Novice: 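Before we start, here is the structure in question, set down as structure tokens.
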Amino acid sequence: MANTATLEIEGKKYEFPLIEGTEKEVAIDIKTLRGATGGYITLDSGYKNTGSCESAITFLDGEKGILRYRGYSIEELAEKADFLEVAYLLIFGELPTSEQLEKFHSDIKAHSVVDDDVKKILDAFPKAAHPMGVLSSLTSALTAFNPESVNVDSEEDMYNAIVRLLGKLPILVAWAMRKKKGLPLYYGDSSLGYVENILKMMFKQPNEDKYVQNPILVNALDKLLILHADHEQNCSTSTVRITGSSHAGLFASISAGISALWGPLHGGANQAVLEMLEAIKEDGGDTKKYMAKAKDKSDPFRLMGFGHRVYKNFDPRARIIKVAADEVLADLGVTDPILDIAKGLEQEALNDEYFVKRKLYPNVDFYSGIIYRAMGIPVEMFTVMFALGRLPGWIAQWREMRLRKEPIGRPRQLYIGETERSFKSISER
């Protein structure tokens, strides 16, 4: 492979280094472009062809349907690991020993108490407030109760900040849902595993003597959190990194990521799937009609939860979670016309030549929405659950960015406004 790329502008040639990643991806290093060319920049709306960083965390090949965390395939991790192991792997780079995992979980539990004044902030929100807005605000508010800045050169400081956030965010997630449902707030059970405790915090009823865990639901949620744990430089992850690049704290950076995740083009996609299914139900539930509308380019209807912006083949996460979705539906025996419509759309898409040819398969958002609906999680909470899964990936990316001492993010622009003009007083206009 050549070592440089040549750019020719107005007859003058400039050379820029080529950098090769460990998976043979190649990047043109244009850090010196403006200085070398006298002010030229690249224009790449949405940064679809621009690498913002070098990262050792997640590898994604959308053409081949490959997703790996720290070199481990998502298929193998979903089958053999639990969420806390994957969180440790993403953040610290290697799978934990049994002793490291036990200490990690113990330290998370030790830092899980949320200050009572945070409850007062939660109480101030109206019941109708969207849980993502609540979660983002409460995460940012944690900074007020943990004001000391993280010394990124101190391994102890960094570790304590990480376990503190991993301990507190599940409580905020559970509280956001319990407020939505009008249930009293609950701290959970420190004797349980990480995922089991999340379920108990969310679903324990006030007069329930003993909360009984459903292993199929535990397994499904564990897999969903693993599948959502990281996904390379997406919108919310890039937001966390660029916020953190100003040396903003961990809580503030994660709060920014939560807000970025909220949008329907990103983490809000699984909520959009259920809203689409509700609309189809209200219109009579004819899946064939809506599949025809999706194929009609002149029709504004958009089929949510099918295909993917990155994966040009089957979303590897969807293959895994489809099995869990089938297990959950079979175990719970839920009778729900919305889920019947979802299964109908799934079968249509998997067997319709139009969708198969274009590789518009159901994606992870489609199946996660089905699972959360069957579990009894309100649709407004779907993106909150996504945020809970993505937390270790955001932490890993923030930690990597700070340890690598990356510069503050400062994109350029191509100005297309008015050229210089003279100011006229109001009487002259």
Side-chain angles (χ1 to χ4, degrees), residues 4-19 26-55 62 129-130 132-133 136-137 139-140 143 231-249 251-269 271-272 297-302 304 307-310 383 387 394 397-398 401-402 404-429:
T4 59
T6 302
L7 174 65
E8 184 172 337
I9 304 174
E10 297 180 347
K12 190 170 182 180
K13 294 183 178 180
Y14 306 89
E15 289 195 341
F16 300 95
L18 294 180
I19 302 174
V26 180
I28 304 170
D29 183 351
I30 58 167
K31 285 195 292 285
T32 61
L33 177 67
R34 286 181 65 236
T37 61
Y40 282 90
I41 64 168
T42 58
L43 181 63
D44 182 19
S45 299
Y47 312 113
K48 299 295 190 296
N49 302 288
T50 299
S52 61
C53 63
E54 294 176 83
S55 179
H130 195 289
M132 279 297 280
S136 177
S137 299
T139 304
S140 184
T143 305
H231 209 236
E232 202 222 32
Q233 301 309 311
N234 51 76
C235 176
S236 59
T237 297
S238 297
T239 298
V240 169
R241 290 186 79 122
I242 203 166
T243 302
S245 75
S246 73
H247 291 194
F251 293 151
S253 300
I254 298 301
S255 175
I258 292 169
S259 295
L261 186 72
W262 193 350
L265 296 185
H266 191 14
Q271 178 174 339
K297 293 181 180 179
S298 65
D299 194 305
F301 173 74
R302 185 181 175 194
M304 302 299 295
H308 195 277
R309 196 177 303 277
V310 174
T383 317
W394 286 335
Q397 300 277 348
W398 183 89
M401 175 272 307
R402 292 300 306 273
R404 288 176 59 86
K405 302 186 186 306
E406 291 181 8
I408 186 170
R410 206 309 185 178
R412 305 299 304 180
Q413 67 168 28
L414 189 65
Y415 178 69
I416 58 172
E418 298 287 344
T419 55
E420 185 178 11
R421 48 184 173 171
S422 298
F423 178 80
K424 293 180 180 180
S425 65
I426 196 164
S427 63
E428 297 175 296
R429 292 177 215 162

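Because the structure is predicted, anything quoted here is derived from the model rather than measured.
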Novice: After noting the C-alpha distance and the side-chain angles of Cys53 and Met401, does the key distance pass the side chain to side chain contact (heavy atoms under 4.5 Å, CB included) rule?
Specialist: CA-CA 8 Å; Cys53 63; Met401 175 272 307; over 6 Å; no
Novice: Decide yes or no for Tyr47 and Pro411: does some side-chain heavy atom of the first lie under 4.5 Å from some side-chain heavy atom of the second?
Specialist: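 Yes, close enough: below the 4.5 Å cut-off.
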Novice: Where the side chain of Gln271 meets the backbone of Gly268, is there a donor-acceptor pair that is under 3.5 Å apart?
Specialist: no
Novice: So, for Gln233 and Ser238, which heavy atoms are closest and what is the spacing to 0.1 Å?
Specialist: O-OG, 3.5 Å
Novice: Supply the atom-to-atom distance Ile408 CD1 to Ser245 OG, rounded to the nearest 0.5 angstrom.
Specialist: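 Separation between the atoms: 5.0 Å.
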Novice: What heavy-atom pair brings His266 and Ser236 nearest, and what distance separates the two atoms?
Specialist: NE2-OG, 2.9 Å
Novice: Quick one: does Thr237's side chain get under 4.5 Å of Glu232's, heavy atoms only?
Specialist: no
Novice: Could you report the tightest heavy-atom contact between Asp299 and Phe301, atom names first, then the distance?
Specialist: OD1-N, 2.8 Å
Novice: Would you compute the distance between atom CD of Glu15 and atom OG1 of Thr32 and round it to the nearest 0.5 angstrom?
Specialist: 11.0 Å
Novice: Please answer whether the main-chain N or O of Asn49 pairs with a side-chain N or O of Asp44 as donor and acceptor at a distance below 3.5 Å.
Specialist: yes
Novice: Using 0.5 Å steps for rounding, measure from the CD atom of Glu418 to the CD atom of Glu420.
Specialist: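 Rounded to the nearest 0.5 Å, the CD-CD separation comes out at 12.0 Å.
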Novice: Any non-hydrogen side-chain atom of Leu261 less than 4.5 Å from a side-chain atom of Met132?
Specialist: yes
Novice: Drop me the distance from Asn234's CG to Leu265's CG, to the nearest 0.5 angstrom.
Specialist: 13.0 Å
Novice: Should Ser55 and Arg241 count as side-chain neighbours, where that means a heavy-atom distance under 4.5 Å?
Specialist: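 Yes, their side chains come closer than 4.5 Å.
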Novice: Between atom CG of Leu43 and atom CZ of Arg412, what is the distance when rounded to the nearest 0.5 Å?
Specialist: 13.0 Å
Novice: Is it true that atom CG of Leu33 has more than 12 heavy atoms of other residues, nucleotides or ligands lying nearer than 6.0 Å?
Specialist: yes
Novice: Please verify the inter-ring angle class for His130 with Trp262; under 30° counts as parallel, over 60° as perpendicular, anything in between as tilted.
Specialist: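 Taking Trp262 first and then His130, their aromatic rings sit tilted (interplane angle of 30° to 60°).
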Novice: Return the minimal non-hydrogen interatomic distance between Thr239 and Ala260, and the atom names on each side.
Specialist: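 The answer is OG1-CB, 3.5 Å.
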Novice: Considering non-hydrogen atoms only, spot the tightest contact between Ser255 and Ser136 and give its length.
Specialist: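 Closest approach of Ser255 to Ser136: OG-O, 2.8 Å.
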Novice: So how far is it from Gln397 CD to His231 NE2, rounded to the nearest 0.5 Å?
Specialist: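 Reported to 0.5 Å precision, the distance equals 12.0 Å.
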Novice: Taking all non-hydrogen atoms of both residues, which atom of Ala252 and which atom of Thr243 are closest, and how far apart?
Specialist: O-CG2, 4.4 Å
Novice: If you draw a 6.0 Å radius around CZ in Arg421, do more than 12 non-hydrogen atoms from other residues or ligands fall strictly inside?
Specialist: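 For Arg421, atom CZ is not crowded (no more than 12 foreign heavy atoms under 6.0 Å).
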Novice: Between Ile28 and Leu18, is there a side-chain heavy-atom distance shorter than 4.5 Å?
Specialist: yes
Novice: My understanding is that only one of Leu7, Leu414, Ile30 makes a side-chain contact (heavy atoms from CB on, under 4.5 Å) with Thr42; could you say which?
Specialist: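 Going through Leu7, Leu414, Ile30 one by one, the side-chain contact (heavy atoms from CB on, under 4.5 Å) with Thr42 is satisfied by Ile30 alone.
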